[in-house]
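Accompanying notes for the structure given below.
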Protein chains: 2
Amino acid sequence: MATPAPRRLPPDERRRQLVGIGLRMLTERPITEITVDDVAREADISRSLLFNYFPTKRDYHLAVIRAAARRVRRVVLVDGDEGVPVILDRFLAFLERRRDPYLSLLRGVGGADPEVAAINAETRAELVDGVLHALGRDPSTPALRLAVGGWVAMVEDVGLAWAADPAAMPREDVVALLLGALDDLLVRLP
Amino acid sequence: MATPAPRRLPPDERRRQLVGIGLRMLTERPITEITVDDVAREADISRSLLFNYFPTKRDYHLAVIRAAARRVRRVVLVDGDEGVPVILDRFLAFLERRRDPYLSLLRGVGGADPEVAAINAETRAELVDGVLHALGRDPSTPALRLAVGGWVAMVEDVGLAWAADPAAMPREDVVALLLGALDDLLVRLP
DNA sequence: CGCCCTTGTTGAGCAATGCTCAATAACGCG
DNA sequence: CGCGTTATTGAGCATTGCTCAACAAGGGCG
């Protein structure tokens with residue numbers, strides 16, 4: 001797959017390679033179990049080199065998490081002018097395709113880490129912005145943001161549970177339920 | 001606080017002590033950062049002894065997580081005959097009181113660990129059962145469980161976000177929003 | 001073409017942490 | 001008091017995160 005042992009890569013490329021390895025490993029295990037040794041071995045590189053590019057393991061993990069978060073946003077919010085049904089459909093499709101790494105990301109994250117929390121919060125906030133923009137609602141209303149944030153959490157939870165066993169319920173029913181829930185939620189807010 | 005150095009405790013008591021220390025430590029850091037050394041030091045005990053009671057660090061963590069989950073269930077579902085508003089009120093109160101350890105628990109958990117996932121799923125399932133029982137609805141309908149599960153996720157998310165900054169929205173409004181959302185959700189299901 | 005200087009890369013080594021095992025000492029029972 | 005059970009420990013090993021001085025590959029300059 002990769003060439004046998006291309007040594008002395010330019011820094012950007014090396015960095016990309018290492019982050020890419022982390023992303024691939026996310027499909028099999030939570031990020032906290034991605035060890036420096038594993039990545040180095042996979043890249044055919046010494047541990048020391050990884051520390052040359054990422055001062056600390058946590059920094060490396062942050063880079064991988066940021067890359068994963070960027071992927072979510074790029075896939076779900078393709079451009080800024082789509083309706084909620086399209087956004088929801090893309091989000092569900094993403095969860096179907098990448099259920100395991102998404103779970104590994106959400107659950108494998110060292111919790112109290114403020115930077116990780118910030119990345120997650122930012123991703124969540126962008127999703128909320130996307131939904132509010134699609135709805136033509138004011139994105140600066142705290143109550144709205146709280147409610148739509150809760151809705152996104154519900155979408156995530158229902159989506160992941162449904163993706164674990166898609167046969168239990170037709171996809172359209174899930175979509176209808178979630179879209180309806182959002183409608184209802186908005187009716188209840190000024 | 002604790003007596004200086006009570007040695008040779010009976011096994012049950014020792015186990016309880018160690019789990020208790022873990023629970024207390026959960027208020028300050030995610031469980032993955034609770035180290036064997038820390039616990040042993042806090043208990044004034046050698047590392048070896050902890051491994052006598054819990055064959056592995058993971059086993060110890062599981063014991064702490066189980067204890068925390070039991071606490072959630074006991075506090076939220078006091079007895080089996082309460083309405084949803086009472087359950088919701090207790091859940092929110094719990095999140096207000098124990099926001100940090102709850103976050104540490106949710107986010108600090110090594111994600112792909114199947115046993116941890118099982119404990120979380122069970123706790124979630126019991127909450128869903130409690131809500132469905134309070135509603136007098138059939139707890140064996142997959143669609144219902146999916147939807148109510150999503151609602152619980154929303155309660156968790158909104159509750160935690162609101163607890164982080166209670167001034168942004170009156171508590172009654174949060175309660176009303178969440179109860180209304182549940183009502184709406186049920187209207188949409190057969 | 002060949003020297004050299006930049007810099008990508010490595011290996012040896014340290015500290016912390018999870019874990020094992022034989023040895024010890026405290027408690028209870030006769 | 002003696003003795004067996006067993007709670008407890010200390011020494012030691014492997015893994016893992018991380019540091020640092022040394023090496024060598026590659027391009028630019030003469």
Side-chain angles (χ1 to χ4, degrees), chain A residues 2-22 25-26 28-65 104 108-113 115-116, chain B residues 2-22 25-26 28-65 104 108-113 115-116:
Chain A
T3 68
R7 308 166 74 91
R8 204 174 177 90
L9 293 190
D12 293 5
E13 211 168 320
R14 185 63 83 190
R15 232 183 286 264
R16 248 196 306 279
Q17 177 203 25
L18 296 176
V19 171
I21 288 176
M25 283 185 169
L26 262 189
E28 323 176 317
R29 45 191 142 162
I31 197 162
T32 52
E33 283 175 21
I34 297 180
T35 198
V36 174
D37 273 332
D38 292 339
V39 179
R41 202 175 308 121
E42 179 82 14
D44 196 29
I45 265 197
S46 71
R47 266 162 300 161
S48 315
L49 190 57
L50 196 146
F51 285 110
N52 193 336
Y53 292 101
F54 304 94
T56 206
K57 190 185 72 162
R58 180 168 158 274
D59 288 294
Y60 173 66
H61 281 172
L62 285 175
V64 174
I65 292 172
S104 299
V109 143
D113 191 317
E115 287 212 51
V116 173
Chain B
T3 67
R7 310 165 72 93
R8 205 174 176 86
L9 293 189
D12 293 6
E13 210 168 321
R14 184 66 79 190
R15 232 184 285 265
R16 247 196 307 280
Q17 177 204 24
L18 295 177
V19 171
I21 288 176
M25 283 184 170
L26 263 188
E28 324 176 317
R29 44 190 143 162
I31 197 162
T32 52
E33 284 175 20
I34 296 180
T35 199
V36 174
D37 272 333
D38 291 340
V39 179
R41 203 175 309 119
E42 179 80 17
D44 196 29
I45 264 196
S46 72
R47 267 163 299 161
S48 316
L49 190 57
L50 196 147
F51 284 110
N52 192 335
Y53 290 102
F54 305 94
T56 206
K57 189 185 73 162
R58 182 169 156 274
D59 288 294
Y60 172 66
H61 282 172
L62 285 175
V64 173
I65 292 172
S104 300
V109 144
D113 191 317
E115 288 212 50
V116 173

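What you see is a predicted model; the values in this text were computed from it and never measured. Note on naming: letters A, B, ... go to the chains in the order of the sequence lines (proteins, then strands), and numbering restarts at 1 for each one.
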[X] [atom1] - [N] [atom2] separation (whole Å):
X: B:L49; N: C:dT24; atom1: CG; atom2: P; value: 18 Å
X: A:K57; N: C:dA16; atom1: NZ; atom2: C1'; value: 12 Å
X: A:E33; N: D:dT16; atom1: CD; atom2: P; value: 11 Å
X: B:D59; N: C:dG18; atom1: CG; atom2: P; value: 13 Å
X: A:R41; N: C:dT10; atom1: CZ; atom2: C1'; value: 16 Å
X: B:R8; N: D:dA7; atom1: CZ; atom2: P; value: 7 Å
X: A:N52; N: D:dA22; atom1: CG; atom2: C1'; value: 14 Å
X: B:L50; N: D:dA7; atom1: CG; atom2: P; value: 15 Å

Margin query: Nearest 0.5 Å, please: how far is CD in A:E115 from CZ in A:R58?
Written below: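 A:R58 atom CZ to A:E115 atom CD measures 4.5 Å (nearest 0.5 Å).
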Check: Got a second to check how far A:I65's CD1 is from A:I31's CD1, nearest 0.5 Å?
Finding: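 It is 4.0 Å, given to the nearest 0.5 Å.
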Under-4.0 Å side-chain N/O to phosphate OP1/OP2 contact, [X] with [N]:
X: B:T35; N: C:dA16; result: no
X: A:Y53; N: C:dT9; result: yes
X: B:R58; N: C:dG18; result: no

For the side chain of [X], counting heavy atoms from C-beta on, which of [options] is nearest?
X: B:D37; options: C:dT10, C:dG8, C:dT17; answer: C:dT17
X: A:F51; options: C:dT10, D:dT19, D:dA7; answer: D:dT19
X: B:V36; options: C:dT9, C:dG18, C:dA26; answer: C:dG18
X: A:T56; options: D:dC18, D:dA24, D:dT6; answer: D:dC18

Note to self: Students often get this wrong, so: under 4.0 angstrom with heavy atoms, is B:P10 touching a base, only sugar-phosphate, or nothing?
What the structure shows: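 Counting heavy atoms under 4.0 Å across all strands, no contact is made by B:P10.
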Next item on the list: Quick one: label A:F54 by what it contacts on the DNA or RNA (base, sugar-phosphate, nothing), any heavy atom closer than 4.0 Å.
Entry: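 Since no nucleic acid heavy atom lies under 4.0 Å of A:F54, the category is nothing.
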Margin query: Could you report the tightest heavy-atom contact between A:I21 and A:A43, atom names first, then the distance?
Written below: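 Closest pair (atom of A:I21, atom of A:A43, distance): CD1-CB, 3.5 Å.
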Next item on the list: Taking all heavy atoms of A:A63 and all of A:V19, pick out the closest pair and write down the distance.
Entry: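 That closest heavy-atom pairing would be CB-CG2, 4.1 Å.
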Next item on the list: Inspect the contact between A:D38 and A:R47 and indicate whether a charged nitrogen and a carboxylate oxygen are less than 4.0 angstrom apart.
Entry: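 No salt bridge links A:R47 with A:D38.
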Checklist line | Main-chain N/O of B:T32 paired with B:H61 side-chain donor or acceptor, under 3.5 Å | finding: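 No.
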Notebook entry, point to check: Between B:R15 and B:D12, is a salt bridge (charged side-chain N to carboxylate O under 4.0 Å, His left out) present by the stated rule, with each step listed?
Noted result: CA-CA 5 Å; B:R15 232 184 285 265; B:D12 293 6; 5.1 Å; no
Got a list of protein N/O to nucleotides 11-14 of chain C N/O distances below 3.5 Å?
{"from": "C:dG11", "atom 1": "N7", "to": "A:S48", "atom 2": "OG", "distance (Å)": "3.3"}
{"from": "C:dG11", "atom 1": "O6", "to": "A:S48", "atom 2": "OG", "distance (Å)": "2.3"}

